[in-house]
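Report on one structure; see the data block that follows.
Note: hydrogens, waters and symmetry copies are ignored here, and every other heavy atom, side chains too, is used.
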Amino acid sequence: MTSKQPSIATEATPVLLANIRQVINQAQSQVKHTVNSAMVQAYWHIGQLIVEQEQQGQNRAEYGKAQLKQLSMQLTKEYGKGFSSRNLANMRSFYVAFPILQTLSAKLSWSHYCQLIRIENQAARLWYMQESAEQNWSVRALERQVGTLYYERLLASKNKQPVEQEAQQNTLPLAEHAQDYLRDPYILDFLNLDSGHYQEADLEQGIINNLQKFLLELGKGFAFVARQQRICTDDGDYFIDLVFYNFHLKCFMLIDLKLNKLTHQDVGQMDMYVRMYEEQQRRPDDNPTIGLILCSEHNHTVAKYSVLNESKQLFASKYLTQLPSEEELQRELEKERARVQQQLSNQQKEFDDEEQRDIGL
């Protein structure tokens, strides 16, 4: 009788996975450090060049404002939107706030320094920089500590322990990871990468968030199962945007969102999802799985149910009486796309307004 070799492979898998994760994490951290160091030093030197040039102008304030506008137009053409007037103004302020390059912490990102340059008190600014580096504060954590006057309260307090404990609680969920850092818009702009697909991802994520809430509040037996659920096939791995289980119909419903017009490929892919789910996830007492394709493009939305041929009669006679109609889903999809797009537009407007205010100063 031969020994069971699969058990040996199963025991080795967690070790192999841990080792691979370690390699990936180390590589991502190295990329983060390299890009961060290059960007921060480049922006410091650019700030130095701007300040030195401005000092030769006869009317420094007006000259500096006009120069930044001209520089921004020329640099944006060559290197992308990372060199907006606002960001150039930040580089100038960066050099003024930290005139000695060697005092900068290599652990902090450009986003950190954009927060630090707003602190007028030099001693506080240097203290926040040191604490951010030592405690591995994210940008949000730094912003929160500055906003709660952590430095000032610490100086004024005779018993510092409660203040320090409060600060630790404020930063616990805000640790910064390499994956998040590499999605930072400042990084994408510095490398002159197209961030459009990230904005599209924000739109898609917003629609999915609200669609999930809509179905759960519909009162028709939906229970949330998973997001981005993996389906393994011989051709590779696929991820289903949303998976629900309907207790009235006793079946799974798979939802896939596309930010484009409905194509034959989309329909074929959903049919594949449904068939694979039938094989891998459906239990003997479950009814056949339903697919739902949602396609959202400007002024054109489609909601289309998808079932296997052998389930079409059941779908028509029973499922349609319990499920939201395709027209109802289409209206919800249109509403959510418009709402999320408006939200993203408002965020961009706030960013642009802040840039104009900064330049005006």
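More than 12 heavy atoms of other shown residues, nucleotides or ligands fall within 6.0 angstrom of atom CD in E279. The number of heavy-atom neighbours closer than 6.0 Å to CZ of R227, taken from other residues, nucleotides and ligands shown, is above 12. The environment of CD in E52 is crowded: more than 12 heavy-atom neighbours from other residues, nucleotides or ligands sit within 6.0 Å.
Cluster annotation: V51 and I100 are assigned to distinct hydrophobic clusters (Ile/Leu/Val/Met/Phe/Trp/Tyr, side-chain heavy-atom contacts under 4.5 Å, transitive). Note on L49: it does not cluster hydrophobically with V96, by side-chain heavy-atom contacts below 4.5 Å among ILVMFWY residues. Residue L126 is grouped with residue L101 when hydrophobic side chains (ILVMFWY) are merged at heavy-atom distances under 4.5 angstrom, including chains of intermediate members. Grouping the Ile, Leu, Val, Met, Phe, Trp and Tyr side chains by contacts below 4.5 angstrom, directly or via other members, places F224 with L257. Taken together through direct or relayed side-chain contacts under 4.5 Å among Ile, Leu, Val, Met, Phe, Trp and Tyr, Y79 and V40 form part of one hydrophobic cluster.
One distance of note links CD of E326 with CD1 of I293; it measures 9.5 Å at 0.5 Å rounding. Interatomic distance, L16 CG to R21 CZ, rounded to the nearest 0.5 Å: 10.5 Å. To the nearest 0.5 Å, atoms NZ (K77) and OG (S72) are separated by 11.0 Å. Distance CH2/W127 to OH/Y151: 8.5 Å, rounded to 0.5 Å. Remark: M91 CE to F94 CZ distance equals 10.0 Å, nearest 0.5 Å. Atom CG of residue L108 and atom SG of residue C114 lie 12.0 Å apart, to the nearest 0.5 angstrom.
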In sequence, state the C-alpha distance, the side-chain angles, and the governing distance for Y245 and D286, and then conclude on side chain to side chain donor-acceptor pair (under 3.5 Å). CA-CA 10 Å; Y245 189 84; D286 287 330; 2.7 Å; yes
Does the pair Q115 and Y128 meet the rule for a side chain to side chain donor-acceptor pair (under 3.5 Å), with working shown? CA-CA 10 Å; Q115 292 292 328; Y128 279 115; over 6 Å; no
Would you check, one step at a time, whether the test side chain to side chain contact (heavy atoms under 4.5 Å, CB included) holds for V267 with D271? CA-CA 6 Å; V267 176; D271 288 343; 4.0 Å; yes
Carefully, step by step, assess D241 and L294 under the rule side chain to side chain contact (heavy atoms under 4.5 Å, CB included). CA-CA 10 Å; D241 288 331; L294 299 172; over 6 Å; no
Please walk me through it: do W110 and N36 pass side chain to side chain contact (heavy atoms under 4.5 Å, CB included)? CA-CA 7 Å; W110 175 241; N36 178 70; 5.6 Å; no
What verdict does the side chain to side chain contact (heavy atoms under 4.5 Å, CB included) test give for Y273 and F239, after you've listed the backbone C-alpha separation in whole Å, the side-chain angles of each residue and the deciding distance to 0.1 Å? CA-CA 9 Å; Y273 286 167; F239 295 87; over 6 Å; no
With a cut-off of 3.5 Å and sequence neighbours excluded, list every side-chain donor-acceptor pair involving residues 246-253.
unit_1, atom_1, unit_2, atom_2, d
N246, OD1, H248, N, 3.0
N246, OD1, L249, N, 2.9
N246, ND2, K220, O, 2.9

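Between the side chain of H112 and the backbone N or O of W137 there is at least one donor-acceptor pair closer than 3.5 Å. Checking side-chain atoms of R125 against main-chain N and O of E120 turns up a donor-acceptor pair under 3.5 Å. Although no hydrogens or angles enter the test, the distance criterion places no donor-acceptor pair under 3.5 Å between the side chain of N87 and the main chain of S84. In this structure, H45 contributes its side chain and A42 its backbone to no donor-acceptor pair below 3.5 Å. Panel note: side chain R92, backbone I50; no donor-acceptor pair is recorded below 3.5 Å. Between the side chain of S93 and the backbone N or O of A89 there is at least one donor-acceptor pair closer than 3.5 Å.
In this structure the side chain of Q228 never reaches within 4.5 angstrom of the side chain of I240, judged on heavy atoms. Counting only heavy atoms from C-beta outward, the side chains of R331 and E327 approach each other to under 4.5 Å. With a 4.5 Å cut-off on side-chain heavy atoms, Y305 and L329 count as touching.
Remark: aromatic rings of Y113 and F98 are close, center separation under 6.0 Å.
Among residues two or more places apart in sequence or in another chain, the side chain to side chain contact (heavy atoms under 4.5 Å, CB included) test is passed with E134 by Q130, E131. Remark: E278 pairs with V274, R282, P288, T289, L308 by the side chain to side chain contact (heavy atoms under 4.5 Å, CB included) rule, at least two apart or across chains.
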